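Residue numbering restarts at 1 for every chain, and letters A, B, ... go by the order of the sequence lines. Just so you know, these numbers come straight off a predicted model, no measurement behind them.
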2 protein chains.
Amino acid sequence: MKKSKFGELLKTVGLKKTKHRLLLLDLLHQHDEFLSADDLFLRAKAIDDSISLSTVYRILDSFIECEIVSPVSLDDQKQLFYELKHEEHAHHLICTRCHKVIHVHSCPVHDFEEEIQLEHHFHVEKHKLEFYGVCEECMENEKETV
Amino acid sequence: MKKSKFGELLKTVGLKKTKHRLLLLDLLHQHDEFLSADDLFLRAKAIDDSISLSTVYRILDSFIECEIVSPVSLDDQKQLFYELKHEEHAHHLICTRCHKVIHVHSCPVHDFEEEIQLEHHFHVEKHKLEFYGVCEECMENEKETV
DNA sequence: CTCAATGCAAATCCTTTGCATACCT
DNA sequence: AGGTATGCAAAGGATTTGCATTGAG
């Protein structure tokens with residue numbers, strides 16, 4: 001999605017086009033890691049000093065409400081992270097060393113969902129699949145250090 | 001695992017056997033939902049009024065440290081939840097209505113991990129797979145109400 | 001007896017809210 | 001103009017910490 005499209009995106013979901021919302025969309029789009037509200041606030045403030053942390057929270061809430069952003073919680077962190085929703089269904093490889101996030105679009109789980117419906121009489125609405133481990137660069141770095 | 005085994009479990013991991021630790025292990029073992037620190041505190045306090053919330057947090061931290069409990073975060077809740085680690089690898093069906101948790105022991109993901117190693121040069125250490133949806137009872141209830 | 005575990009209260013971190021003002025449509 | 005978005009400061013909720021006391025080994 002091109003940066004210039006964000007204005008339209010906001011219109012589509014029925015949110016007013018403000019500089020702060022555009023800025024946050026841009027930041028979310030640029031960064032492929034998970035970002036916390038505070039990460040976003042600091043990066044936004046570096047570009048536009050007038051933004052406040054509560055605005056960041058309020059904007060993120062409105063984005064979640066409109067389903068253009070997903071909140072992501074990681075088991076070992078108490079704060080929430082946020083990411084732009086991808087058009088495609090995706091899963092994540094999360095590096096436990098550098099916290100980089102790699103998106104994977106193939107998904108081995110859909111068939112399994114049917115099994116679950118049948119076996120457990122549980123109606124699956126969505127699933128979440130994440131892999132935790134070490135990314136290529138961190139693996140290189142660890143080799144060198146040892 | 002029988003209740004009487006918890007004392008040994010504590011010895012095995014090198015933690016002193018105190019009544020509060022035994023009580024929390026017992027509560028975690030009894031309940032198949034995810035429990036928050038506060039859930040545990042309230043249930044524990046009902047049994048032994050002398051326990052304090054900070055003790056619950058400290059005990060949970062020690063259990064996580066010793067790897068007998070896992071912290072679990074859910075995207076739409078800001079507090080952490082806790083569950084006893086199961087001997088078996090397991091995944092969860094989480095009811096978005098009543099928050100019940102069903103454990104599923106089959107896992108469709110292991111082959112996929114190899115693909116990831118090859119394709120993304122990412123060394124997978126563990127994965128997390130959760131299904132969100134509606135359990136059988138809640139489905140029944142919704143039918144009736146509609 | 002000795003050190004780790006605990007209770008209590010205060011502190012901290014993350015997030016939300018109230019209210020007056022500024023900004024989009 | 002009219003109502004939403006924002007800044008600021010204060011409140012709230014979850015978790016952590018300091019310190020004196022209790023309890024397990």
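- When all heavy atoms are compared, the tightest approach of Ser106(B) to His91(B) is O-CD2, 4.0 Å.
- Val134(B) belongs to a hydrophobic cluster with Met139(B), counting contacts under 4.5 Å between side-chain heavy atoms of Ile, Leu, Val, Met, Phe, Trp and Tyr, direct or through other members.
- In terms of the side-chain hydrogen bond (donor to acceptor under 3.5 Å, both in side chains) criterion, residue partners of Ser36(A) (sequence neighbours excluded) are, by chain and number, Asp39(A).
- Listed by first and then second residue, the salt bridge (Lys or Arg N to Asp or Glu O under 4.0 Å) pairs that reach into residues 47-71 of chain A are Lys19(A)-Asp48(A), Lys45(A)-Asp49(A), sequence neighbours excluded.
- In this structure, the ring of His105(B) has its center no less than 6.0 angstrom from the ring center of His89(B).
- Contacts of Thr18(A) classified as side-chain hydrogen bond (donor to acceptor under 3.5 Å, both in side chains), with partners at least two apart in sequence or in another chain: none.
- Here dA4(C) presents its P atom at 19 Å from NZ of Lys11(B), a figure rounded to the nearest Å.
- Leu118(A) belongs to no hydrophobic cluster with other residues, because no ILVMFWY side-chain heavy atom falls under 4.5 Å from its own, directly or through intermediates.
- Among residue pairs with one or both ends in residues 98-120 of chain B, those qualifying as salt bridge (Lys or Arg N to Asp or Glu O under 4.0 Å) are Lys100(B)-Glu137(B); sequence neighbours excluded.
- Residue Asp48(A) contributes atom CG, which lies 17 Å from atom P of dA5(D) at whole-angstrom precision.
- Checking Lys78(B) against Ser50(B), the closest nucleotide of DNA chain C that is more toward the 5' end is the one next to Ser50(B).
- In this structure, Phe122(B) shares a hydrophobic cluster with Leu93(A), Ile102(A), Val104(A), Val109(A), Phe112(A), Ile116(A), Phe122(A), Val124(A), Leu129(A), Phe131(A), Leu93(B), Ile102(B), Val104(B), Val109(B), Phe112(B), Ile116(B), Val124(B), Leu129(B), Phe131(B), the cluster being traced through Ile, Leu, Val, Met, Phe, Trp and Tyr side chains under 4.5 angstrom apart.
- Residues meeting the salt bridge (charged side-chain N to carboxylate O under 4.0 Å, His left out) test with Asp38(B), sequence neighbours left out: none.
- Of all the residues in residues 52-64 of chain B, Leu53(B), Ser54(B), Tyr57(B), Arg58(B), Asp61(B) reach under 4.0 Å from DNA chain D with at least one non-hydrogen atom.
- In terms of phosphate contacts, His20(B) brings no side-chain nitrogen or oxygen within less than 4.0 Å of OP1 or OP2 of dA5(C).
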* Structure fact -> Per-nt protein contacts along nucleotides 20-25 of chain D (heavy atom under 4.0 Å; B base, S backbone sugar-phosphate only, - none) come out as ---BSS
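- Distance CG (Asp38(B)) to P (dG13(D)): 11 Å, rounded to an integer number of Å.
- Helix-axis bend for the helix from dC1(C)-dG25(D) to dT25(C)-dA1(D): the local axis fitted to the five terminal pairs at one end deviates from that at the other end by 40°, rounded to 10°.
- Every pair passing ring-ring contact (aromatic ring centres under 6.0 Å, His included) that includes a residue from residues 30-77 of chain A is listed here, sequence neighbours excluded: Phe34(A)-His92(A).
- Atom CD in Gln79(B) sits roughly 6 Å away from atom P in dT15(D) (whole-Å rounding).
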